[in-house]
Participant: 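Next up is a structure, given as structure tokens.
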There are 2 protein chains.
Amino acid sequence: MSGSPHPARATSADVARLAGVSRATVSFVLNDTEPGRVSDATRAKVRAAAEQLGYVGHAAARALRAGRSNLVLMPATQAAIGRLVSDWLDDLQQALHEHGYTLVLHGGRGADPVEVARVWAEMRPAAVLAPGPGLSPAAVELLHTAGVRAVIATGGEPVPGAHTVIFRQDELGRLAAAHLIERGRRRLAVLMPRERGLDVFAEERLAGVRAAAQGRDVEVTPVPLGYDWDEALALARSWPGLDGVFGYNDEYALLLIRALQEVGRAVPGEVSVAGADDLLLARIAQPALTSVRIELGAATELAALVHRMIEEPAEPGVVDTIRMHLIIRDST
Amino acid sequence: MSGSPHPARATSADVARLAGVSRATVSFVLNDTEPGRVSDATRAKVRAAAEQLGYVGHAAARALRAGRSNLVLMPATQAAIGRLVSDWLDDLQQALHEHGYTLVLHGGRGADPVEVARVWAEMRPAAVLAPGPGLSPAAVELLHTAGVRAVIATGGEPVPGAHTVIFRQDELGRLAAAHLIERGRRRLAVLMPRERGLDVFAEERLAGVRAAAQGRDVEVTPVPLGYDWDEALALARSWPGLDGVFGYNDEYALLLIRALQEVGRAVPGEVSVAGADDLLLARIAQPALTSVRIELGAATELAALVHRMIEEPAEPGVVDTIRMHLIIRDST
DNA sequence: TTGAAAGCGCTAACAT
DNA sequence: ATGTTAGCGCTTTCAA
């Protein structure tokens, strides 16, 4: 085939020409602004012309004109967490869409936070939702300077300059550790995933475990573990005699449990193990896995908050707290 | 606090003013186009001014001017599949970034494909990567008309108008079913997830199972199942006497296995079960789960393909095939 | 009820 | 070696 296989993309000017009206009229009709401004006959003409040409708006042009885009940005790291989070993201996407925003998940794991924030800022999103640890003060400043209206962080403590949804990673560790200690465990391990992007969360969870152990004659040992069977098996074989484990999350916890079983160490007899996320897998594991459940809250509320912050920027502050509680099962 | 908490975002004109040069010069310096055009002294001045003002480019303006954005769009559904895919996405994001593109995961599960394609088209992405079943001919046409250079589909058969990475969902079912039949199973179940967005894949996998059963005196029954313990348990209790199961993927397969075990039905004694994805969880399950492994291939190659297609659009065609093979374990 | 026109921030062809 | 300027597609004020 030679030449362009597709007709040049139609602009609103093309639509206007075909319909025999001005570009202004086209804009009013297609966006339904100022109802009653354009007569029904003209509306129909414009609609037909747009349809015929296969007209599709140009987000960049609109954003340029409006001074801001309708994008809401979120690091894609979040999406990889599991079904719980990804279902919730679906709801969030839907709720934001109803407010006229487009949720966009953006990668960039592992890179320099300020560099990542820069790429985000170039997209001039209306809002950014991100884990606090990835949002250095410099990054927040950069986003605001670039005109991002709403920066919403999730994390253990308020991020300066951003609204913060309090999500205490350390509380995950604290809850699990308190339970293990109550069960009589005194030598606690905390699994520290080797996978990129997880280290900041792991450190906070470890801190929570340490806090629970404080002044209680309990020893806490961080234990690195990659998400890999052979490594888990090697760890189980040379298990350093610890009697309680907080597994970072359910996946790592389950991996370790199987490895321990494989080398003949009883769970919970010899070692108690607790996870986090309360996946369905935790419930159906054998033994069923004690886990910290995270209540993500209604996505619609977060969407509404985002909308409010974009419409009328207010003082940054603490917004809401993600609640969590322990579900005790047979692994502890 | 009153007034704007942040300085107005600087434009390239501001940078030019501060540096005492023209906007053109700023553009040349910051983009490093035409090296040698600007003297070192001027370059330094411009850089310093940009730094001082916290200048950040404006992607929308650049896209408007260039006629296309540097966005590569992919449905976020993909991301929810699991660790295998999400790690791969990380690599893809990285590889695309090195070509100057920004990978964006976009939600929109469940909505009308053409409506979704419309929202995508408005962003004028350079490329769209999507599962074929979501790309109707109308959707592909819409994207092309909107100027999207590269539409790359994944699916069982070539999508008209798009390059296609052949990914035969039916082959997943065929491989698993052939194995089950070889093991002497004659009454096969195929789990059909109730979760939104998964039905198109499930139908194709079911078709693969049917193909394997063809002319072999094997009965195939689709069995709906939501990802939920109670539902799995109810299914197991009223198990319709089928002796082989293709579980859609590892997660559903594992869920069913546990439910069957719970009601005293032996796996693989009474029922053989196979999954797909070959998650680590399949390997550590008890019994270890037979699963179809999917070889996603190098993300760098796909990134290079995307780049090539954007630079010099060519005839759509079949690009590459995602390979898969069965890993036989104890569940069959 | 509709049209004309300015201008969002950027790049690149052309001029100096 | 650097500057001037047109124009990408859109919305919205102002004028008719």
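Below, chains carry the letters A, B, ... as their sequence lines are ordered, and counting in each starts from 1. Just so it is clear, the model here is predicted, and its values are computed rather than measured.
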Participant: Specify the separation, in whole Å, of atom CG of N31(B) and atom C1' of dG9(C).
Facilitator: 13 Å
Participant: Could you tell me the separation between the CZ atom of R65(A) and the C1' atom of dG9(D), rounded to a whole number of Å?
Facilitator: 11 Å
Participant: Rounded to whole angstroms, how far apart are CZ on R62(B) and C1' on dG9(C)?
Facilitator: 10 Å
Participant: Go through dT2(C), dG9(C), dC10(D) for me and flag the one nearest to the S12(A) side chain.
Facilitator: dC10(D)
Participant: When Y55(A) is tested against each of L30(A), L18(A), V26(A) for side chain to side chain contact (heavy atoms under 4.5 Å, CB included), which residue passes?
Facilitator: L30(A)
Participant: Looking at D14(A) and R23(A), does any basic side-chain N land under 4.0 Å from a carboxylate oxygen?
Facilitator: no
Participant: Is there a side-chain contact between T25(A) and the phosphate of dG3(C), meaning an N or O under 4.0 Å from OP1 or OP2?
Facilitator: yes
Participant: So does R37(A) pair up with D32(A), basic N to acidic O under 4.0 Å?
Facilitator: no
Participant: Specify the separation, in whole Å, of atom NE2 of H58(B) and atom P of dG7(C).
Facilitator: 17 Å
Participant: Rounded to whole Å, please give me the gap between CG in L30(A) and C1' in dT12(D).
Facilitator: 15 Å
Participant: Could you say whether V38(B) or A61(B) is positioned toward the 5' end of DNA chain D, judged by the nucleotide with the nearest heavy atom to each?
Facilitator: V38(B)
Participant: Do the side-chain N or O atoms of S27(B) get closer than 4.0 angstrom to the phosphate oxygens (OP1, OP2) of dA12(C)?
Facilitator: no
Participant: Mark yes or no for whether T11(A), through its side chain, and A13(A), through its backbone, hold a donor-acceptor pair below 3.5 Å.
Facilitator: yes
Participant: Tell me what T42(B) touches on the nucleic acid: a base, only sugar-phosphate, or nothing, going by heavy atoms under 4.0 Å.
Facilitator: sugar-phosphate
Participant: Could you work out which one of dC10(D), dG9(C), dT4(D) sits closest to the side chain of L64(A)?
Facilitator: dG9(C)
Participant: What is the nucleic acid contact for T11(A), judged by heavy atoms within less than 4.0 Å: base, sugar-phosphate only, or nothing?
Facilitator: sugar-phosphate
Participant: Checking all strands, does G147(B) fall into the base, sugar-phosphate, or nothing category for heavy-atom contacts under 4.0 angstrom?
Facilitator: nothing
Participant: Nearest to the side chain of F28(A), heavy atoms from C-beta on, is which of dA12(C), dT13(D), dT4(D)?
Facilitator: dT13(D)
Participant: Whole Å only: how far is the CZ atom of R17(A) from the P atom of dC10(D)?
Facilitator: 12 Å
Participant: More 5' along DNA chain D: R43(B) or T33(A), using each one's nearest nucleotide?
Facilitator: R43(B)
Participant: Do the charged groups of R149(B) and E311(B) touch, with an N to O distance under 4.0 Å?
Facilitator: no
Participant: Distance check needed: dT1(C) C1' versus K45(A) NZ, whole Å only.
Facilitator: 11 Å
Participant: If you find the nucleotide of DNA chain C closest to G57(B) and the one closest to R37(A), which residue's nucleotide is nearer the 5' end?
Facilitator: R37(A)
Participant: Could you state the atom-to-atom distance from CZ of R23(A) to C1' of dT2(C) in whole Å?
Facilitator: 14 Å
